[in-house]
Amino acid sequence: MSSERSKYDPSAIEPKWQARWEEGRTFEARRHPGRPKKYILDMFPYPSGSGLHVGHPEGYTATDIIARYSRNKGIDVLHPMGWDSFGLPAEQYAIKTGTHPAVTTGHNIATFKRQLKSLGFSYDWSRELATTDLEYVRWTQWIFLQMFRRGLAYQAEIPVNWCPELGTTLANEEVVDGKSEVGGHPVVRTPLRQWTLKITAYADRLASELEGLDWPETKKKQVDWIGRSEGAEVDFGIADRPEKIRIFTTRPDTLFGATYMVLAPEHALVESLATPAQREAVLAYRAEVAGKSDMDRTALAKKKTGVFTGSYAVHPLSGAELPIWIADFVLGGYGTGAIMSVPGHDERDFEFAREFGLPIVEVVSPDGGLHDAMTWSEAFADDGVSVRSSFLDGKKTAEAKAAMIDHLEREGLGVRKVQYKLRDWVFSRQRYWGEPIPIYFPVELAEGVVDPRHGAHTIRFDRPIALEDSELPLRLPDLEDFRPGDPAGALVKALDWRFFQKDGRWFARETNTMPQWAGSCWYYLRFLDPKNQEQIFSQQAYDAWMPVDLYVGGSEHAVLHLLYARFWHKVLYDAGVVKHPEPFIKLVHQGMILGENNEKMSKSRGNVVNPDDVVKQHGADSLRVYEMFMGPLEAVKPWQTNGVVGVRRFLDRVWNALSAAEGEGPLDDESNRLLHKTIKKVGEDIEALRLNTAISAMMILVNRLGDLDVVPVPAAKAFTMILSPFAPHLCEELWERLGEKESLAYAPWPSFDPALTVDDEVEIAVQVNGKVRSRVKLRRDATEADARAAVASDEAVLQHTRGKTEKKVIYVPGRILNFIVG
RNA sequence: GCCGAAGUGGCGGAAUCGGCAGACGCGGCGGAUUCAAAAUCCGUUGCCCGCGAGGGCGUGAGGGUUCGAUUCCCUCCUUCGGCACCA
């Protein structure tokens, strides 16, 4: 053994093959007539300043394996990558340093791209796109206008978390205890004019059309989020007044049990209902509530609070007068913002009644008998039998609900109604770094003013005008100062951009921008045809690749991104732009990778692993294989640096065993069987995304082949192929050294001989009373008699059966032989 | 509080139409190689008792079904994720 063996050197191999793939345009997606296709998509990243972390490559490696495997199986693959590049961090950096967000974004994209390329992912980079690209923004705005024209984008006064000190609105998560999370400045709930998308119009379809999709628990999360509930709206009169109070209830059967009413503090009638005696208390309470964020209103409210208005409602059926209260547990944004309170049969109403000494009446009985609800310690919210309810008496809950709604509709007192928790989507932000909303408004100039940039004027927000398609894209103006501050948005400062003249009249552009979600709602569609100047994509490109067959990304997007994207897709479906009602057939969430200390990776915890370091030390292939070997893709799992070392050793052994392959000779029978079993298992495991067990099977194989004096070339090639989706650089290099001229990217996946994947002879366990006492080798198809004969003189078995009576024998061929004795 | 997922060696994890628990990897121990070390290779490694042969115990806890349960059923505990007064 004097000949010097070459060493596995990923730092030499990996750049070599990455360059070859790029020069050869190896992974540009092409469609071949008659071949099956797969559209394999990753959730594209936000290119942050800190670069890639090891969590990113987890999902990306999994999809890359599927993509590469699919190509080897003769499937046309579309596997693109791009950038979700609008977003707050670039803007905040701009505020701090004055660097334009576009510059920061460009740098960050370059870093991400370099890092992704260093990992050898087989993306079709010719289709790369960024949501900040002007051509991309154009079509994002175009879709917005589709919605606007269909009445799905409208303006509304919506209460938002406004922080005057920071000069911006904040997300609910950014508000703690009524103060901004950053800086601790006061936050107020204030209504602001906002663009809103009518996602509620699609609530039913968004819930019901999940049905056929191959998605995990995410489906249920979305259904819960949409929160459909069926019930009725009922009108209550007001004593001595003409108005009505409309309420929503899911329990119309309990109408006779209503003993008081509660309005949300922001309900329109509150002010007029407050009697002089109560007025002060009502207004004080309302002011107090207005200062609280949604979070505080809900999370901290253990104890019910509320104030009596002094007015009374009139029960629509009994005519009884019911006191009207206001309380913050009734939400202004849900239903009608008002409820009838049935304390006997609703937990919240019960608590409230107890808190304020209001009457509690039983109208649903668990057993049909009558009970005194005032003595109860909790509400009876289950189904039962109606009592004290006139024409409902004796009916079961479901039947009573229907009977009551029928009655209300007949009498014109109420209607059947479906409600959703899902709200319309507040779509505007007061930020700079987002897509401009392609809308403008007429401007009315004050007396004597000729230019709204320098004089008093009124913007007619009630008369929004859409840009023409030909006027798109509407660019962002350049700003010196990116600071937010104006409730109308950072863009108000760009006066020359904002105000313009047309046919001698002045107009003002919308100064709100779109949220970051916008760009990510439809990027999978632009990947189909990213360079198309005329259309959002061509029909041909659509037909070639849609729908997305596999979509992989974090479960943090289970609800919002995936719901928003589905919503846009359905709008485009209704507009005839896309042909499938749903965009993503199969969805998988990769689990988070934790730091070595089992905590979430973060700079502050000091447990961040940088993929660049791993690549430098062990190569991209080791990183890829390790991340897949850690455990099931969907599981949350901690990083173990030594685990990478173990995988590196595996790849070293592969290199040593296969790079020295020689001769055409056959493998010995046992190795050959193992090879065929492994080919079978790796293929099956990849298709089921069980990548960890595929790797362990290949480890077993290399451990065996490494024991041979020499591995014959055909076996080496087969092994190289099945490992190649996982460790593509190493395998391309081996493939070349094994005498192949072409890249293995499109070489056929090896087949296996099914006969070689099952053993003729198997070792089964021999038990006595369920305890393993011996083992015996048998033919796979051995009968029970064969098995018994084989162990008839087995001393270990006899030891436990001798002198005892055989009661029963269980024989499962290929598995077990169990003697039950006593 | 509600919903969902999951609890298996020192660690990551395998194995569920009920049939040999702990594959594979890490770590540990012992050995080979080396002047020595690193790297590599070989052996060994769930726990307890035993010199040994061997035996017992073991998949979060407790029950149940079964010849047989990590796998099915019931009760409970813990961890993680999501939701959070939605009438």
Side-chain angles (χ1 to χ4, degrees), chain A residues 7 216-218 220-221 223-225 227-229 231 247-251 254 262 264 294-295 297-299 301-302 304 327-331 333-342 345-349 351-352 381 419-423 555-556 558-559 589 591-592 594 596 598 600 625-626 629-632 634-647 649-650 652-653 656 690 692-703 706-707 762-775 796 799 807-822:
Chain A
K7 261 190 81 187
E217 0 62 75
T218 308
K220 206 185 164 306
K221 279 189 190 167
V223 170
D224 289 348
W225 186 265
R228 179 193 160 97
S229 56
I247 60 100
F248 173 71
T249 178
T250 55
R251 291 296 300 273
T254 63
V262 185
D294 273 354
M295 285 290 199
R297 247 173 97 160
T298 54
K302 287 268 185 310
K304 293 275 180 290
D328 67 355
F329 82 89
V330 175
L331 307 173
Y334 183 77
T336 61
I339 61 164
M340 65 171 188
S341 279
V342 185
H345 306 288
D346 180 281
E347 204 51 57
R348 293 154 304 177
D349 295 347
E351 275 174 43
F352 193 85
Q419 275 291 338
Y420 302 94
K421 277 202 267 188
L422 182 70
R423 311 289 167 82
S555 59
E556 66 272 24
V559 177
H589 297 302
M592 206 187 340
L594 304 174
E596 283 205 271
N598 248 297
K600 207 168 161 170
V625 175
Y626 171 62
F629 184 61
M630 291 174 81
E634 296 88 341
V636 177
K637 38 209 180 287
W639 183 268
Q640 295 193 311
T641 296
N642 278 326
V644 190
V645 176
V647 163
R649 285 203 271 259
F650 161 60
D652 279 333
R653 285 199 292 272
N656 292 336
R690 288 189 302 252
N692 52 332
T693 51
I695 293 165
S696 100
M698 291 188 282
M699 286 173 166
I700 294 169
L701 180 60
V702 81
N703 288 347
D707 289 341
V762 290
E763 190 179 71
I764 70 163
V766 183
Q767 300 182 334
V768 179
N769 288 345
K771 288 220 158 77
V772 180
R773 298 299 179 184
S774 181
R775 290 160 213 287
Q799 212 174 3
K807 289 181 173 164
K808 192 172 176 181
V809 176
I810 290 110
Y811 174 63
V812 182
R815 297 240 182 240
I816 209 163
L817 176 64
N818 189 5
F819 294 96
I820 310 304
V821 299

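Here is how names work: the chains are called A, B, and so on, in the same order as the sequence lines, proteins then strands, and each is numbered from 1.
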Quick one: label [X] by what it contacts on the DNA or RNA (base, sugar-phosphate, nothing), any heavy atom closer than 4.0 Å.
X        : value
A:Pro216 : nothing
A:Lys220 : sugar-phosphate
A:Ser229 : sugar-phosphate
A:Arg348 : base
A:Ile339 : base

Please report, rounded to the nearest Å, how far the [atom2] atom of [N] is from the [atom1] atom of [X].
X        : N     : atom1 : atom2 : answer
A:Lys221 : B:G4  : NZ    : P     : 12 Å
A:Asp328 : B:A87 : CG    : C1'   : 14 Å
A:Lys421 : B:A84 : NZ    : P     : 7 Å
A:Phe352 : B:A87 : CZ    : P     : 18 Å
A:Lys304 : B:A87 : NZ    : P     : 14 Å
A:Ile810 : B:A69 : CD1   : C1'   : 14 Å

Which value, in whole Å, describes the distance between the [atom1] atoms of nucleotides [N] and [M]?
N     : M     : atom1 : result
B:C41 : B:C24 : P     : 15 Å
B:C2  : B:C57 : P     : 39 Å
B:C29 : B:U79 : C1'   : 33 Å
B:A53 : B:G68 : C1'   : 28 Å

Quick one: [atom1] on [X] to [atom2] on [Y], what's the gap to the nearest 0.5 Å?
X        : Y        : atom1 : atom2 : answer
A:Glu596 : A:Asn642 : CD    : CG    : 7.5 Å
A:Lys421 : A:Arg228 : NZ    : CZ    : 14.0 Å
A:Phe329 : A:Ile339 : CZ    : CD1   : 4.0 Å

Is [N] paired to anything, Watson-Crick or G-U wobble with both distances less than 3.5 Å, and if yes, which nucleotide?
N     : result
B:A69 : none
B:C17 : none
B:A61 : B:U75
B:A39 : none
B:G10 : B:C26
B:C80 : B:G4

Would you tell me if any nitrogen or oxygen in the side chain of [X] comes within less than 4.0 Å of OP1 or OP2 on [N]?
X        : N     : answer
A:Tyr334 : B:A87 : yes
A:Asn692 : B:G12 : no
A:Thr693 : B:C24 : no
A:Arg773 : B:G54 : no

Side chains of residues 811-822 of chain A: which donor-acceptor partners sit under 3.5 Å, not counting sequence neighbours?
residue: A:Tyr811; atom: OH; partner: A:Ala782; partner atom: O; Å: 2.8
residue: A:Asn818; atom: OD1; partner: A:Gly770; partner atom: N; Å: 3.1
residue: A:Asn818; atom: ND2; partner: A:Gln767; partner atom: OE1; Å: 3.4

Chi-angle category of B:G9 [syn within 90° of 0, anti beyond]: syn

Intermediate values then yes/no, side chain to side chain contact (heavy atoms under 4.5 Å, CB included), A:Arg251 and A:Asp346: CA-CA 9 Å; A:Arg251 291 296 300 273; A:Asp346 180 281; over 6 Å; no

Base B:C67 to side chain A:Asn818, donor-acceptor N/O within 3.5 Å cut-off: yes

Parallel, tilted or perpendicular: rings of A:Tyr626 and A:Trp639 (30°, 60°):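 Rings of A:Trp639 and A:Tyr626: perpendicular, as their planes differ by over 60°.
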
Distance-minimising heavy-atom pair for A:Ala264 and A:Val330: CB-O, 3.3 Å

Minimum heavy-atom distance between A:Phe248 and A:Gly335, given as atom pair plus value: CB-CA, 4.4 Å

Candidate nucleotides B:G27, B:A87, B:C57, ranked by approach to the side chain of A:Asp346 - the nearest: B:A87

Under 4.0 Å protein heavy-atom contacts per nucleotide of nucleotides 37-48 of chain B, with B for base, S for backbone only and - for none: ---SS-------

